[in-house]
Structure formats: C-alpha cells, structure tokens
Amino acid sequence: MPIRPSTAALALRRRRQPGRIVASSPAGWAVAEVEAALTVPADHAAAAFFDVDNTMMQGASIYYFARGLAKRRYFTSGDLVRFAYQQARFRLLASEHAGTVAGAKSAALAFIAGWQVDDMERLCEEIFDELMADRIWSGTRALAQLHLDAGQRVWLVTAAPVELGRIIAQRLGLTGAIGTVAEIVDGVYTGRLVGDLMHGPEKADAITALASVEGLDLARCAAYSDSVNDTPMLSTVGYAVAVNPDPALRREARRRGWEIRDFRTGRKAAKIVVPAALATGMLVGGVATAAALRRRRLRRSTPLP
C-alpha cells in the first residue's frame with residue numbers, strides 16, 4: 001500500500017518554521033511542537049481516485065438526486081420508476097454492449113436543459129445533505145482520509161454530473177471530482193454533453209489526463225471501485241482496491257491480486273441492492289423520457305425553488 005500514515009503523520013520535526021511567531025512561554029512552545037509534529041509534507045506525486053456509487057456511498061448518487069427532485073415535484077414517481085429501469089439495464093449491459101453507452105450519451109443530461117447552473121449546484125447541496133450524507137460508507141471515507149493524512153490528494157470519479165460529484169467531494173473534505181460534464185452557455189445548461197459519459201474507459205482516460213496536468217506518478221496512485229466496469233481505471237494505477245465489489249470485479253481482483261475491502265454486513269448489503277439496481281436513468285434515460293420532462297418543466301410557470 002503506497003501510504004503509511006502511521007509514519008508520515010507522526011514523524012516529529014522539532015525545528016520551528018521560518019518566519020513563524022511563537023509565544024516564549026512553555027505552553028507556547030508545546031503548542032508549536034505539537035503543530036510541527038502533526039504537519040505532513042504534501043506528496044504531490046501520489047493521489048487516490050474513488051468511484052462514488054456503492055464505493056464511497058451506499059447505492060447510487062444519481063438515484064438519490066432523482067428522489068430529491070421528485071420530492072420537489074420536478075417530476076413524478078412514475079418517471080422515477082422508468083428512470084430506474086433504464087439505469088438498471090445500463091448497469092447490466094453497458095460493459096458488453098457499447099451501443100448502450102453510445103445511445104445513452106445523447107440523452108444523458110437532457111433533463112437539465114434550460115436550468116441555471118447556480119440552481120443545479122444549490123439543489124445538489126440540499127439533496128446531498130438530505131439523502132446522501134448518511135449513506136457514506138464510513139470504511140471507504142476512512143480509506144480516503146488515510147491518503148489525505150499522508151499529504152496526498154483525493155478525487156472522486158463518477159458518471160454522475162460533475163456538479164454533484166464536486167458537492168460530495170466538498171462535503172467530505174476531498175480534493176475534487178471528475179464527472180460527466182454538461183454544456184453551459186451563458187450560465188444555462190443546454191442539455192448536451194461536453195465529451196463523453198464518464199464511464200468505463202473514460203474514467204481511465206480522465207485520470208491519465210489529470211495525472212499529466214498535476215504531475216502525478218500513476219504507479220504511486222491508488223484507485224477504488226465496486227464495479228467491474230471500472231477495471232480500466234483500476235488498471236491505470238499502481239494500487240487497486242475492489243471496495244464492496246460486484247461478483248465480476250471480485251473475481252477479477254482475485255485473479256490480479258488486487259486488495260478487496262467489503263464494508264457491507266448482510267443487512268447493509270440488502271439495503272443497497274435496490275438503489276444500485278434501480279439507480280435512476282437520468283444519466284442514461286431514453287430521449288423520450290427526457291423530452292417528457294422538458295415539456296413538464298416548460299409547463300411550470302414558477303421558477304426553481
């Protein structure tokens with residue numbers, strides 16, 4: 001494992017930092033000693049990348065976002081069920097049928113066409129606090145903290161809208177997020193994507209591009225995921241971990257000698273089956289459903305709350 005927080009976090013450095021004013025009393029010196037001891041040098045060459053759905057969070061983030069929107073009456077429960085079916089089909093077939101992903105791309109974020117960026121970000125914050133905060137896996141969050149404590153940066157990597165990923169990262173105290181990007185013109189979403197859906201090989205490509213910009217050594221980086229669809233991402237780094245893995249990823253991890261971490265008890269595993277399998281298809285919903293949402297929204301005379 002590329003991080004050793006017990007060594008890095010506790011290594012004592014007893015000289016004062018240049019230019020720092022410290023009280024001359026024994027208590028003041030003691031405070032300075034403790035602060036210096038807890039200061040970890042930044043490790044700019046290493047980082048960690050965490051998938052979100054079923055890895056960092058129980059269930060699918062976009063499903064809970066959809067529930068939050070349904071609660072606010074942006075669409076109906078029937079729409080939510082249709083989205084759920086479409087996303088379940090996507091999760092089952094996307095790894096084998098490229099056409100499923102290609103077809104999803106054109107409609108992935110069509111439902112937010114016409115929304116203000118500020119409204120979208122506010123809704124992400126509200127819905128995370130309402131429905132997602134209590135579903136963060138404490139074990140996975142602790143793994144992320146180990147990297148932070150070692151002076152490394154931590155990014156989330158998700159197929160969900162990057163705005164949602166960024167809010168989750170902010171709330172968890174992480175570095176940032178890589179996600180599906182929607183086109184914005186004059187502060188308003190057009191409903192089209194910029195680039196591809198952040199899924200499968202796209203995650204690996206995005207991590208490689210980020211590493212080039214940030215000067216990361218991918219051989220010293222780590223990646224965490226629950227899905228066999230993220231095998232390209234896990235293969236890109238030097239340290240791969242299967243977290244709460246699906247059966248296919250568990251087999252692949254054993255074959256490759258990757259570490260496996262499973263934070264699910266029997267009861268928790270049962271609780272997340274439905275959100276995972278029925279995760280909303282707002283990212284991959286059909287064009288017809290997205291168009292229906294747009295028509296419903298246009299009929300609304302009131303602005304976003």
Side-chain angles (χ1 to χ4, degrees), residues 1-11 39-57 95 136-160 162 165-166 168-169 172-180 195-264:
M1 187 170 182
I3 56 175
R4 292 176 175 80
S6 58
T7 300
L10 299 179
T39 301
V40 179
D43 185 350
H44 295 295
F49 301 93
F50 285 79
D51 174 53
V52 175
D53 297 347
N54 297 320
T55 304
M56 183 62 72
M57 174 186 298
S95 62
I136 299 298
W137 289 110
S138 57
T140 310
R141 177 65 185 85
L143 292 175
Q145 190 61 48
L146 288 177
H147 289 279
L148 295 172
D149 290 345
Q152 300 175 6
R153 288 166 287 179
V154 177
W155 279 277
L156 298 178
V157 187
T158 177
V162 68
R166 187 164 55 239
I168 297 172
L172 298 181
L174 308 181
T175 306
I178 300 169
T180 299
D196 291 315
L197 196 68
M198 192 57 60
H199 173 83
E202 294 303 323
K203 290 186 177 183
D205 292 344
I207 287 174
T208 301
L210 180 65
S212 177
V213 172
E214 297 290 335
L216 298 173
D217 179 359
L218 286 173
R220 295 191 58 229
C221 291
Y224 301 78
S225 179
D226 74 295
S227 173
V228 72
N229 291 328
D230 285 338
T231 298
M233 177 178 79
L234 295 169
S235 303
T236 299
V237 299
Y239 178 65
V241 183
V243 178
N244 305 327
D246 61 31
L249 180 58
R250 186 179 293 274
R251 289 192 297 270
E252 186 69 11
R254 287 173 175 166
R255 186 180 73 82
R256 295 184 181 229
W258 291 342
E259 184 176 351
I260 297 174
R261 296 287 190 106
D262 201 325
F263 301 115
R264 298 168 294 187

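Under the rule for a side chain to side chain contact (heavy atoms under 4.5 Å, CB included), the partners of Glu214 that lie at least two apart in sequence or sit in another chain are Arg153, Trp155, Leu210, Leu216. Among residues two or more places apart in sequence or in another chain, the side chain to side chain donor-acceptor pair (under 3.5 Å) test is passed with Ser235 by Arg256. Remark: Asp262 pairs with Arg250, Arg264 by the side chain to side chain donor-acceptor pair (under 3.5 Å) rule, at least two apart or across chains. Thr158 pairs by the side chain to side chain donor-acceptor pair (under 3.5 Å) definition with nothing, not counting sequence neighbours. For Val241, the side chain to side chain contact (heavy atoms under 4.5 Å, CB included) partners two or more places apart in sequence, or in a different chain, are Tyr224, Tyr239, Val243, Glu259, Arg261. In terms of the side chain to side chain donor-acceptor pair (under 3.5 Å) criterion, Thr231 has no residue partners (sequence neighbours excluded). Residues satisfying the side chain to side chain contact (heavy atoms under 4.5 Å, CB included) test with Ala209, not counting sequence neighbours, are none.
Identified under the salt bridge (Lys or Arg N to Asp or Glu O under 4.0 Å) test for residues 231-242, with sequence neighbours left out: none.
For the atom pair OG1 (Thr236) and CD1 (Ile207), the distance works out to 6.0 Å, reported to the nearest 0.5 Å. Atom CE of residue Met56 and atom CG of residue Asn244 lie 11.0 Å apart, to the nearest 0.5 angstrom. The structure places OG1 of Thr208 at 14.0 Å from NZ of Lys203, a figure rounded to the nearest 0.5 Å. With values rounded to the nearest 0.5 angstrom, Leu249 atom CG is found 7.5 Å from Ile260 atom CD1. From Ile178, atom CD1 reaches atom CZ of Phe49 across 5.5 Å, with rounding to the nearest 0.5 Å. Rounding to the nearest 0.5 Å places CG of Asn54 at 9.0 Å from OG of Ser227.
The two atoms that bring Gly176 and Ala169 nearest to each other are O-CB, 3.6 Å, heavy atoms only. When all heavy atoms of Arg141 and Ile136 are compared, the closest pair comes out as CB-CG2, 4.1 Å. Across every non-hydrogen atom of Ala177 and Arg166, the tightest pair is CB-N, 3.5 Å.
The shortest distance between side-chain heavy atoms of Ile168 and Leu172 falls below 4.5 Å. Here the side chains of Phe263 and Leu143 are in contact, with some heavy-atom distance below 4.5 Å.
When atom types are taken as modelled, the side chain of Thr180 and the backbone of Met198 share a donor-acceptor pair closer than 3.5 angstrom. Remark: side-chain polar atoms of Asp230 are not paired, donor with acceptor, to backbone N or O of Met233 under 3.5 angstrom. Between the side chain of Asp246 and the main chain of Val228, a donor-acceptor pair closer than 3.5 Å is present. Remark: side-chain polar atoms of Ser225 are not paired, donor with acceptor, to backbone N or O of Asp51 under 3.5 angstrom.
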Dump the intermediate steps for side-chain contact (heavy atoms from CB on, under 4.5 Å) on Val157 and Phe50, then the final yes or no. CA-CA 6 Å; Val157 187; Phe50 285 79; over 6 Å; no
CA sep, side-chain torsions, deciding dist, call: Leu148, Leu174, side-chain contact (heavy atoms from CB on, under 4.5 Å): CA-CA 8 Å; Leu148 295 172; Leu174 308 181; 3.9 Å; yes
